[in-house]
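The chains referred to below are lettered A, B, ... by the order of the sequence lines, with proteins before strands, and numbering in each begins at 1. Treat the numbers as computed from the prediction; the structure is a model and nothing was measured.
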Amino acid sequence: MLEIQQLRTDLDTVTRQLAKRGYAFPVEAFNALEAERKKVQTETQELQAQRNSASKKIGHAKSKGEDVSAIMAEVANLGDALKQAEDHLEQIQQQLQKILLEVPNLPHDSVPEGKDETGNVQIRRWGEPRSFDFAIQDHVSVGEGLGLLDFETAAKLSGARFSLMKGGLARLHRALAQFMLDTHTQEHGYTETYVPYLVNRDSLRGTGQLPKFEEDLFSVHAGGANAPGEAPAASFHLIPTAEVPITNMVRDDIVPLQALPLKFVAHTPCFRSEAGSYGRDTRGLIRQHQFDKVELVHIVHPDQSYEALEQLVGHAEKILQKLALPYRVMALCTGDMGFSAAKTYDIEVWLPAQNTYREISSCSNCEAFQARRMQARFRNENGKPALLHTLNGSGLAVGRTLVAVLENYQNADGSVTIPEVLRPYMNGLDQLASSRGQ
RNA sequence: GGAGAGAUGGCCGAGUGGUCGAAGGCGCUCCCCUGCUAAGGGAGUAUAGGCUCAAAAAGCUUAUCGAGGGUUCGAAUCCCUCUCUCUCCGCCA
């Protein structure tokens, strides 16, 4: 959410900035509502002041045993007018709020301008893609060839965009998550957290998924999807990312200055409806309704958020470096950034079967955008509450990391070498060999 | 699931219709006092808005006592709904 003051005083800048990311701010509707709001709010508050002072007088008079009928008469007609004014004001403010909640964040000055992903800018590249002297397979063929990856059964259990892993592959998946958690907690100073996978609507509003992206979420209702008479507010939503529960830890809080920065990591499943992505990445593990992710969140002093963003990306990169997986870091352009982000780096890992780099992490500084929605504050140097800055990034998407391992570490005989750093998590195993159902 | 109790400022806690944004205490800030420390005295100490203003300062004003609704000229206080916490019972991984 943007600052309403900024919209009132500097609307031109705001609309220009938003236009960079392809968002047309409804200037006229906003200005009309604002003018109306100002008028009605003043009226309402005047009426309230009248009522309050009359009521006070009645109180005084009564305590002295005086007659109050004269003052009562004075206020008699106030009620209806006041009620009407209050209702009107409420209605206007809801409309303003609706506009505000759907406006994306302003891009930081350093964000390259562009319309879509073709406008993203490569910042750096790490590692050299391995050259293969045999015909490579994609991760699906590798996994199925090993007998450890089974989409057919997953489809029977749930449907499309679900997966089933077995044996060494399931273990490798777990090993990756453990390895990531251990690295971030032991080497990067994150506090490990275990968080709810079902969250309420306030949390989703706080991080920006609601109200605009409802169709991307799965929701659940106690007692079944059609629980009679159940209000939508009583429903839960499955987290699309651990960013939601972790970041909302500080919602409605005032964090002491000396507690900053807060750095949390969590390994959670993520659930996405993938509405609107029909036909994209239908094969394999790349785009699933359910996937695991190790998420990093920073809650920081506003002066430090850009420094924190660089650190955050570095922490995610570290995982790929340890796994010796080639990647590149992209600065997303204005047109490709997510709703809440002021600046985003994507990390893209090399997938030999696709002969390209694919997103495996997205690290964003949301500045005060989420904090304002969440009323997440800290007590600043002057002892005054001020909005925090929030950042989040994948460190990394576990399923996609598994894909990268399967493809980059595959061998001619269909086996997969297990990266060094994962072997301690695999009971010393050094490769996934063609399974006879272990 | 059943029965009961509760939710008040940074914290504790008083307050059952009127001068209450809220006693008192703790904490914190500033000042005074005191060889140092400790103790003591005084003052201050919520948040988010709106309006006036070029702006700041300042002033005026509104809202907020878990959330939402209602009664009333007036609600922390009365009524309704919800959320959460605690105690006991039941069930359960």
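- Between A/Asn200 and B/U83 there is no side-chain N or O to OP1 or OP2 distance below 4.0 Å.
- Among the heavy atoms of the strands, none lies under 4.0 Å from A/Lys57.
- No hydrogens or angles considered: a donor-acceptor pair under 3.5 Å links the side chains of A/Ser415 and A/Gln431.
- Heavy-atom nearest nucleotides on RNA chain B were determined for A/Gln93 and for A/Leu82, and the one closer to the 5' end corresponds to A/Gln93.
- Here A/Lys38 reaches the OP1 or OP2 of B/C51: one of its side-chain N or O atoms lies under 4.0 Å away.
- In this entry B/A7 has B/U83 as its Watson-Crick or G-U wobble partner, both defining distances falling under 3.5 Å.
- Within 4.0 Å of A/Glu90, counting heavy atoms only, lies no atom of the nucleic acid at all.
- Among the protein residues, A/Ala54 comes within range of no part of the nucleic acid, since none of its heavy atoms lies under 4.0 Å from any strand.
- For the residue pair A/Glu214 / A/Gln209, no side-chain donor-acceptor distance below 3.5 Å is found, with atom types taken as modelled.
- By the 4.5 Å heavy-atom criterion applied to side chains, A/Ile319 and A/Phe179 are counted as neighbours.
- Among the heavy atoms of the strands lying under 4.0 Å from A/Arg377 are primed sugar atoms or P, OP1, OP2 only; no base atom is included.
- Using a 4.5 Å heavy-atom cutoff, the side chains of A/Leu198 and A/Ile239 are not in contact.
- The residue A/Lys39 sits apart from the nucleic acid: no heavy atom pair falls under 4.0 Å.
- Counting distance only, with no hydrogens placed and no angle test, the side-chain atoms of A/Lys62 and the base atoms of B/G18 include a donor-acceptor pair under 3.5 Å.
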